[in-house]
S.K.: 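This is the structure I have questions about; it appears just below.
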Amino acid sequence: MRDILDVHTHTIASGHAYNTMMEMIRAAQDKGLEVYGITEHAPRMPGTCHDFYFHNLKVVERRHGDLEVLLGAELNILDEKGNVDLDEPYLGRMDVTIASLHTPCIAPGSRERNTECLIQAMKNPHVNVIGHPDDGRYPLDYAAVVQAAKEYHTLLEINNNSLTPGGSRRNARENDLELLRMCKRYQVPVILGSDAHYHKDILNHEFACALLQESDFPEELVVNTDKKKLYAYINKYAQ
């Protein structure tokens, strides 16, 4: 499968990653990506950057040779109303946004509450991707999540970091298989994300690709194969 983009990565600005922005961009160039995204953790994550960091992203070049760089945020979903930790107008100015459930920012709840958190976040037109919806600490109704993603035009992520042995997310493999089964049933696209916090992990979709193959998941429903598929979902190219 052609895999030419990775839009879920972090730099030292997120507080628990290990390379600078330019080190990550050079690594993305070396790996031959066409589109590369840096989505720093939004302000409620302990140790990450201040709001001002996101306000000032306008100064950073988005083209580096043949590589297109997208700059945005991995937002924290804060409650069952889908509130996130970056306000307008800056939220809409992010090239790409991912919204995720993180234990430092929201305690796991019931299956119904966790599902409502994601669905309400998807209703925000400036939320482009739901990050790692495979964490068993936050049980979900995957049929409801997938149908909401279709209704609100939001991408669902298959997160390679979740599937990497030794990670903190629980039952990711089983949950991703169920998510892929629902996406295949309802014809809902997915995006593969490395969730790289170190330059060598950019475009590391090894475990995610293996699940796609195991699931016989249709290639046409994977946005990583064609940047135009991604453009249909992200703020930078919103009509």
S.K.: Can we say E116 and R111 salt-bridge, meaning some charged N sits less than 4.0 Å from an Asp/Glu carboxylate O?
M.R.: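 Answer for the salt bridge query: no.
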
S.K.: Sort and list the pairs that fulfil ring pair (Phe, Tyr, Trp, His ring centres under 6.0 Å) and have at least one residue in residues 99-120, not counting sequence neighbours.
M.R.: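 Residue pairs passing ring pair (Phe, Tyr, Trp, His ring centres under 6.0 Å), neighbours aside: H41-H102, H102-H132.
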
S.K.: Between L86 and L75, which heavy-atom pair has the shortest distance, and what is it?
M.R.: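 Closest pair (atom of L86, atom of L75, distance): CB-CD2, 3.6 Å.
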
S.K.: Would you check if the side chain of D85 reaches a backbone N or O of N76 as a donor-acceptor pair within less than 3.5 Å?
M.R.: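 Yes: the side chain of D85 pairs with the backbone of N76.
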
S.K.: Considering all heavy atoms of both residues, which atom of D51 and which atom of P43 are nearest to each other, and what is their separation?
M.R.: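 For D51 and P43, the tightest heavy-atom pair comes out as OD1-CG, 2.8 Å.
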
S.K.: Check E178 with R181, please: is the shortest side-chain N to carboxylate O separation under 4.0 Å?
M.R.: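 Judged by the 4.0 Å cut-off on N to carboxylate O distance, R181 and E178 do form a salt bridge.
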
S.K.: Would you call the rings of H16 and H10 parallel, tilted or perpendicular, taking 30° and 60° as the class edges?
M.R.: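 Ring orientation of H16 relative to H10: tilted.
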
S.K.: Tell me, yes or no, whether the heavy-atom count around Q213 atom CD, taken from other residues, nucleotides or ligands under 6.0 Å, exceeds 12.
M.R.: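 Not more than 12 within 6.0 Å, no.
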
S.K.: Assess the residue pair Y198 and N19 against the criterion (side chain to side chain contact (heavy atoms under 4.5 Å, CB included)); give the C-alpha distance rounded to whole Å, side-chain angles, the decisive distance to 0.1 Å, and a yes or no.
M.R.: CA-CA 6 Å; Y198 186 59; N19 292 99; 3.2 Å; yes

S.K.: Using side-chain heavy atoms (C-beta onward) and a distance below 4.5 Å, is I191 in contact with V129?
M.R.: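 The answer is yes, as the side chains (C-beta and beyond) meet within the 4.5 Å cut-off.
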
S.K.: Quick check against the 3.5 Å criterion: does T48 have a side-chain atom that pairs as donor or acceptor with the backbone of M45?
M.R.: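 Not a single qualifying donor-acceptor pair exists.
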
S.K.: Taking the side chain as everything from C-beta on, heavy atoms only, tell me whether N235 gets closer than 4.5 Å to T97.
M.R.: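 In contact.
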
S.K.: Pair M21, M24 - check side chain to side chain contact (heavy atoms under 4.5 Å, CB included), show working.
M.R.: CA-CA 5 Å; M21 179 183 287; M24 295 293 272; 5.9 Å; no

S.K.: Could you tell me whether Y233 and H153 have their ring centroids closer than 6.0 angstrom?
M.R.: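 Close enough - the centres of the two rings lie under 6.0 Å apart.
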
S.K.: Mind checking whether M1 and L180 sit in one hydrophobic cluster, side chains of I, L, V, M, F, W, Y counted as touching below 4.5 Å?
M.R.: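 Yes, M1 and L180 fall within the same hydrophobic cluster.
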
S.K.: Mind running side-chain hydrogen bond (donor to acceptor under 3.5 Å, both in side chains) on N159 and R169 for me, showing each step along the way?
M.R.: CA-CA 11 Å; N159 185 293; R169 296 171 196 146; 3.2 Å; yes

S.K.: Roughly how far, to the nearest 0.5 Å, is CD1 of I106 from CG of N114?
M.R.: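 Reported value, rounded in 0.5 Å steps: 7.5 Å.
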
S.K.: Any heavy-atom pair between the side chains of L192 and E157 that's under 4.5 Å?
M.R.: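 E157 does not reach L192 side chain to side chain.
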
S.K.: Using side-chain heavy atoms (C-beta onward) and a distance below 4.5 Å, is R173 in contact with E214?
M.R.: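 The answer is yes, as the side chains (C-beta and beyond) meet within the 4.5 Å cut-off.
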
S.K.: Quick check for you: to the nearest 0.5 Å, what is the distance between Y152 atom OH and I119 atom CD1?
M.R.: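 So the gap between those two atoms works out to 7.5 Å.
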
S.K.: Is the count of non-hydrogen atoms from other residues, nucleotides or ligands lying under 6.0 Å from Y18 atom OH greater than 12?
M.R.: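 It does not: Y18 OH has 12 such atoms or fewer within range.
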
S.K.: Has K236 got a side-chain atom pairing as donor or acceptor with Y231's backbone, closer than 3.5 angstrom?
M.R.: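 Such a contact is absent between K236 side chain and Y231 backbone.
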
S.K.: Any chance the side chains of H64 and Q29 put a donor and an acceptor closer than 3.5 Å?
M.R.: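 Side-chain D/A pair, H64 to Q29: absent.
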
S.K.: Is a side-chain N or O of N160 found less than 3.5 angstrom from the main chain of N204, in a donor-acceptor match?
M.R.: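 Yes; judged by distance alone, with no hydrogens or angles, the pair exists.
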
S.K.: Does any donor atom in the side chain of D195 or H8 lie under 3.5 Å from an acceptor atom in the other side chain?
M.R.: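 Yes.
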
S.K.: I want to check something: taking the side chain as every heavy atom from C-beta on, are R63 and V69 in contact at a cut-off of under 4.5 Å?
M.R.: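 No - every pair of side-chain heavy atoms lies 4.5 Å or more apart.
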
S.K.: Rounded to the nearest 0.5 Å, what separation is found between the CD atom of E219 and the CG atom of L212?
M.R.: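 Rounded to the nearest 0.5 Å, the CD-CG separation comes out at 9.5 Å.
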
S.K.: Using side-chain heavy atoms (C-beta onward) and a distance below 4.5 Å, is T103 in contact with Y138?
M.R.: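 Contact flag for T103/Y138 side chains = yes.
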
S.K.: Can you find a heavy atom in the side chain of P133 that is under 4.5 Å from one in the side chain of L179?
M.R.: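 Side chain of P133 against side chain of L179, heavy atoms only: contact under 4.5 Å found.
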
S.K.: For the CG atom of N128 and the OG1 atom of T39, what is their distance to the nearest 0.5 Å?
M.R.: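 Result: 11.0 Å between the selected atoms.
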
S.K.: At what distance, to the nearest 0.5 angstrom, does CG of N83 lie from CG of D87?
M.R.: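 The CG atom of D87 is 9.0 Å from CG of N83, to the nearest 0.5 Å.
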
S.K.: Output the distance between atom CG (L140) and atom CG (L101), rounded to the nearest 0.5 Å.
M.R.: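 Rounded to the nearest 0.5 Å, the CG-CG separation comes out at 7.0 Å.
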
S.K.: I'd like to know if D135 and R170 make a salt bridge, using a cut-off of under 4.0 Å between side-chain N and carboxylate O.
M.R.: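 The answer is no: the pair does not qualify as a salt bridge.
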
S.K.: How close do A172 and S162 get, counting heavy atoms only, and between which atoms?
M.R.: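 Heavy atoms only, the tightest pair is CB-O, 3.5 Å.
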
S.K.: Evaluate the side chain to side chain contact (heavy atoms under 4.5 Å, CB included) criterion for residues H55 and F52: first the C-alpha distance (whole Å), next the side-chain angles of each, then the deciding distance (0.1 Å), finally the verdict.
M.R.: CA-CA 5 Å; H55 299 179; F52 293 166; 4.0 Å; yes

S.K.: Do V145 and M182 belong together in a cluster built from hydrophobic side chains that touch within less than 4.5 Å?
M.R.: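 They do share one cluster, since a chain of ILVMFWY contacts under 4.5 Å joins V145 to M182.
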
S.K.: If the condition is ring-ring contact (aromatic ring centres under 6.0 Å, His included), which residues does F54 pass it with, not counting sequence neighbours?
M.R.: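 Scan of F54 (ring-ring contact (aromatic ring centres under 6.0 Å, His included), adjacent residues dropped) gives none.
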
S.K.: Without swapping roles, check the side chain of K229 against the backbone of L221 for a donor-acceptor pair under 3.5 Å.
M.R.: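 No, K229 side chain to L221 backbone: no donor-acceptor pair under 3.5 Å.
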
S.K.: Do S194 and D201 have side-chain N/O donor and acceptor atoms under 3.5 Å apart?
M.R.: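 Per modelled atom types, S194 and D201 side chains form no pair under 3.5 Å.
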
S.K.: When you group the ILVMFWY residues by side-chain heavy-atom contacts below 4.5 Å and let the links chain together, are I98 and L33 in the same group?
M.R.: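 No; tracing contacts between hydrophobic side chains, which count when under 4.5 Å, never links both residues.
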
S.K.: Please give me the minimum heavy-atom distance between E23 and T20, naming the atom from each residue.
M.R.: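 Taking every non-hydrogen atom into account, OE1-N, 2.9 Å.
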
S.K.: Under 3.5 Å, is there a donor-acceptor pair between the side chain of K184 and the main chain of D216?
M.R.: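 Yes.
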
S.K.: How would you list, by chain and number, every residue that makes a side chain to side chain contact (heavy atoms under 4.5 Å, CB included) with E34, sequence neighbours excluded?
M.R.: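 Result, side chain to side chain contact (heavy atoms under 4.5 Å, CB included) vs E34: R2, I4, K227.
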
S.K.: With hydrophobic residues grouped by side-chain heavy-atom distances under 4.5 Å, do L156 and I77 end up in a single group?
M.R.: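 Both belong to a single hydrophobic cluster.
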
S.K.: Any non-hydrogen side-chain atom of Y36 less than 4.5 Å from a side-chain atom of L70?
M.R.: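 When only atoms from C-beta onward are counted, L70 and Y36 do not touch, as no gap falls below 4.5 Å.
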
S.K.: Shortest non-hydrogen contact from S100 to G131?
M.R.: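 Here S100 and G131 meet closest at OG-CA, 3.4 Å.
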
S.K.: Can you check side chain to side chain contact (heavy atoms under 4.5 Å, CB included) on E112 and D141, steps first, answer last?
M.R.: CA-CA 7 Å; E112 293 74 19; D141 179 341; over 6 Å; no

S.K.: So, T11 and E40: side-chain donor and acceptor under 3.5 Å apart, yes or no?
M.R.: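 Yes - a donor-acceptor pair under 3.5 Å links their side chains.
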
S.K.: When hydrophobic residues are tied together by side-chain contacts of less than 4.5 Å, even through go-betweens, does L163 share a cluster with F217?
M.R.: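 Shared cluster, yes.
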
S.K.: Return the minimal non-hydrogen interatomic distance between D95 and I234, and the atom names on each side.
M.R.: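 Heavy atoms only, the tightest pair is O-CB, 3.6 Å.
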
